[in-house]
Amino acid sequence: MAKKKLVAVTACPTGIAHTFMAAKKIQSWAEKQGYEVKVETQGSDGVKNKLTAHDIASADAVVLAVDVPIMDMERFDNANPLQVRTQELIKHVDVLLPEAMKREKDKSTSGAVLPVQEKRSAYQVFIGHIMTGISYMLPVVVLGGLLMAVAKITGEFVDISGTPVETLDRLGFMTIKFMYPIFAAYLAYSIAGKPALVPAFIGGVMSDEVYKRFFGIEVWAPSGFFGAIAIGFLIGYLVRYLNDTIKVKSELTTLKTMLLVPLVSGVVMVLTMEYAINPFFGAVNMAMVKLFTEAGDAGRGIYSMVIAAGTAFDLGGPINKAAGSVALGLNGMGENFDLVARELGIVIPPIGVGIAALLDGKFRPRVFSREEQTVGKTSLMLGLIGISEGAIPFILKNPKMIPIMILGSIIGTQLAVVLNVWQSLPLPAVWGWFLSSDPVSYTISVIVGSSFIAIALLLCTKPQPKGSH
């Protein structure tokens with residue numbers, strides 16, 4: 001008797017942690033059941049193990065564990081897939097995959113079977129669109145930061161004025177300034193597809209310094225991250241509405257999509273950005289700058305505490321990304337808005353988990369299984385290269401650990417503020433530590449915050465039963 005076959009696609013906003021964790025869960029579950037399995041990952045390294053039309057047609061069940069729109073979605077139009085978020089699948093794999101196997105395709109029916117999707121709340125839809133925008137924005141920030149880092153490090157040893165290295169520095173800075181246009185464009189794209197890309201991109205340009213510099217505007221405050229969110233949603237839903245409601249003869253479709261929809265959406269975008277979004281969110285941003293700047297060191301401490309807590313809260317999730325985007329947008333608008341809190345909030349939790357794994361069993365009975373120790377050591381390495389998702393398995397197992405992650409990040413960040421450490425480059429990885437104002441104090445802050453998390457994890461986790469090692 002032929003084995004049953006399960007195929008799946010996994011994709012998360014960053015394409016790093018959840019994508020491969022979900023794939024591993026599916027692979028492991030299917031192999032235990034004796035099923036044939038193939039999982040396509042759409043991650044940061046591109047599409048791997050791509051499902052063919054034959055794979056999908058011959059499968060008994062199809063699972064889409066995705067948080068963002070995936071490539072070639074039309075392949076699954078008649079496949080009756082079970083669609084869930086990656087985090088939900090990781091948490092409830094033993095419930096969801098049996099459900100998927102029960103939902104076999106009706107091969108005797110000639111008509112198309114519509115895909116079955118997990119019902120999503122308005123909040124999940126909202127966050128899903130934002131995370132799509134952020135997933136495309138992150139490579140812009142990373143590349144810009146790396147270009148600037150190469151220039152800054154080189155500049156420590158030689159004069160880079162007038163050299164190609166100085167060009168790298170300027171291009172890196174310019175690249176980062178396009179993070180909000182890219183974010184707004186792909187947020188709108190996730191709602192309405194390609195027709196929304198360009199008008200939302202231009203709206204994103206109008207939300208930040210690029211617009212101010214190009215037009216030589218003197219008195220103006222950027223609407224930043226919140227402005228990019230607003231224009232992305234506005235254009236996305238406007239374009240979708242126009243495409244759905246404007247009915248024309250088939251021979252006039254090109255006129256509609258290439259002239260009418262772009263014209264209406266473009267005009268609405270410019271007027272809304274100029275007279276509503278930029279004035280409102282620009283005023284909000286300036287009020288924040290004024291509040292924290294006038295508060296001096298105390299203001300910087302409070303701001304850093306909020307950003308660190310948000311960054312550590314869900315370890316790469318929507319709150320983490322939102323906090324980081326706010327920090328990136330405010331960076332440079334005032335002396336209290338550097339990136340120390342964002343960078344430390346990213347690295348302290350995974351490094352703390354890694355230290356806990358290294359210390360486990362040294363001073364008291366072991367509290368982690370062998371698998372958890374391996375995951376913890378991997379988390380340490382991921383933390384050193386600026387990826388916080390390595391600590392996710394620990395908070396999935398015990399959500400009560402979230403406050404520990406937050407508190408450790410706040411402790412490390414506040415120590416950095418007290419030690420007067422500054423960091424203006426978006427580089428949380430270990431090589432970025434050396435570009436802070438005080439690399440030694442920066443490293444001490446990482447160690448202190450991470451050590452708190454490690455000790456708290458070891459003390460708050462019950463020892464493993466004897467014989468489980």
Side-chain angles (χ1 to χ4, degrees), residues 16-33 86-95 97 308-309 311-317 320 344-413 415 428-430 443-469:
I16 299 173
H18 285 78
T19 297
F20 300 102
M21 289 168 63
K24 185 177 179 181
K25 286 281 188 180
I26 294 169
Q27 189 91 25
S28 177
W29 182 88
E31 289 174 354
K32 286 180 181 177
Q33 306 302 317
T86 55
Q87 194 167 9
E88 286 302 307
L89 183 130
I90 293 167
K91 287 181 181 178
H92 307 297
V93 63
D94 293 325
V95 174
L97 293 190
T311 304
F313 179 79
D314 53 1
L315 303 175
N320 168 289
L344 293 181
I346 289 173
V347 303
I348 285 177
I351 292 177
V353 166
I355 293 174
L358 293 175
L359 295 178
D360 188 28
K362 298 294 192 296
F363 309 105
R364 60 170 298 195
R366 290 189 182 277
V367 299
F368 298 144
S369 66
R370 288 178 180 174
E371 181 182 354
E372 288 170 335
Q373 288 176 346
T374 301
V375 171
K377 292 169 184 176
T378 302
S379 175
L380 175 60
M381 292 186 287
L382 290 173
L384 290 173
I385 62 173
I387 298 173
S388 59
E389 284 90 341
I392 287 175
F394 289 85
I395 65 170
L396 287 179
K397 180 181 179 183
N398 187 0
K400 294 179 181 178
M401 295 297 129
I402 293 175
I404 291 175
M405 304 291 183
I406 293 174
L407 190 53
S409 299
I410 289 175
I411 289 171
T413 298
L415 179 59
V430 66
T443 304
I444 290 172
S445 300
V446 173
I447 293 172
V448 170
S450 300
S451 297
F452 171 84
I453 289 175
I455 294 170
L457 279 177
L458 293 174
L459 293 178
C460 295
T461 306
K462 292 181 180 180
Q464 287 285 307
K466 290 184 178 181
S468 63
H469 302 291

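Since we're looking at a predicted model, the values are computed, not measured.
- Side-chain atoms of Thr86 and Met21, non-hydrogen and from C-beta on, never get closer than 4.5 Å to each other.
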Point to revise | Candidate pair Leu344 and Ser445, rule side chain to side chain contact (heavy atoms under 4.5 Å, CB included), full reasoning | key: CA-CA 8 Å; Leu344 293 181; Ser445 300; 4.2 Å; yes
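- A donor-acceptor pair under 3.5 Å links the side-chain atoms of Ser379 to the main chain of Pro350, judged by distance alone.
- Interatomic distance, NE2 of His18 versus CD of Glu389, reported as 7.0 Å (0.5 Å rounding).
- From Leu415, atom CG reaches atom CD1 of Ile410 across 13.5 Å, with rounding to the nearest 0.5 Å.
- Between Thr461 and Asn398 there is no side-chain heavy-atom pair separated by less than 4.5 Å.
- Closest non-hydrogen pair, Gly390 versus Leu382, comes out as CA-CD1, 3.7 Å.
- Distance alone, capped at 3.5 Å, places no donor-acceptor pair between the Arg366 side chain and the Gly361 backbone.
- Atoms CD1 and CD1, on Ile346 and Ile351 in that order, are 11.0 Å from each other to the nearest 0.5 Å.
- For the pair Met401 and Cys460, the minimum side-chain heavy-atom distance is below 4.5 Å.
- A 4.5 Å side-chain heavy-atom check between Val375 and Phe394 finds at least one atom pair inside the cut-off.
- For the atom pair CD1 (Ile355) and CZ (Phe452), the distance works out to 13.0 Å, reported to the nearest 0.5 Å.
- Side chain of Arg364 to main chain of Leu458: a donor-acceptor pair is present (N/O by atom type, distance under 3.5 Å, no hydrogens or angles).
- Here the CD1-CD1 distance, from Ile392 to Ile90, works out to 7.0 Å after rounding to the nearest 0.5 Å.
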Exercise for review: Could you walk me through whether Leu97 and Leu89 pass the side chain to side chain contact (heavy atoms under 4.5 Å, CB included) test, one step at a time?
Suggested key: CA-CA 8 Å; Leu97 293 190; Leu89 183 130; 4.0 Å; yes
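- Remark: side-chain polar atoms of Ser28 are not paired, donor with acceptor, to backbone N or O of Lys24 under 3.5 angstrom.
- Among all heavy-atom pairs drawn from Pro365 and Pro463, the shortest one is CB-CB, 4.2 Å.
- Lys377 places no side-chain N or O within donor-acceptor distance of the main-chain N or O of Gln373, the cut-off being under 3.5 Å.
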Exercise for review: Could you please spell out the steps behind the side chain to side chain contact (heavy atoms under 4.5 Å, CB included) verdict for Leu457 and Val353?
Suggested key: CA-CA 8 Å; Leu457 279 177; Val353 166; 3.8 Å; yes
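- Ile348 contributes atom CD1, which lies 5.0 Å from atom OG1 of Thr413 (distance to the nearest 0.5 angstrom).
- Remark: side-chain polar atoms of Asn320 are not paired, donor with acceptor, to backbone N or O of Asp314 under 3.5 angstrom.
- Counting all heavy atoms, side chain and backbone alike, Ala454 lies closest to Ala356 at CB-N, 3.6 Å.
- Between Val448 and Ile411, the closest side-chain pair of non-hydrogen atoms falls below 4.5 Å.
- In the displayed structure, Lys400 atom NZ is contacted under 6.0 Å by at most 12 heavy atoms of other residues, nucleotides or ligands.
- Within 6.0 Å of the CZ atom in Phe313, the count of heavy atoms belonging to other residues, nucleotides or ligands does not exceed 12.
- The residue from Ile385, Thr311, Val347 that alone fulfils the side chain to side chain contact (heavy atoms under 4.5 Å, CB included) condition with Pro428 is Val347.
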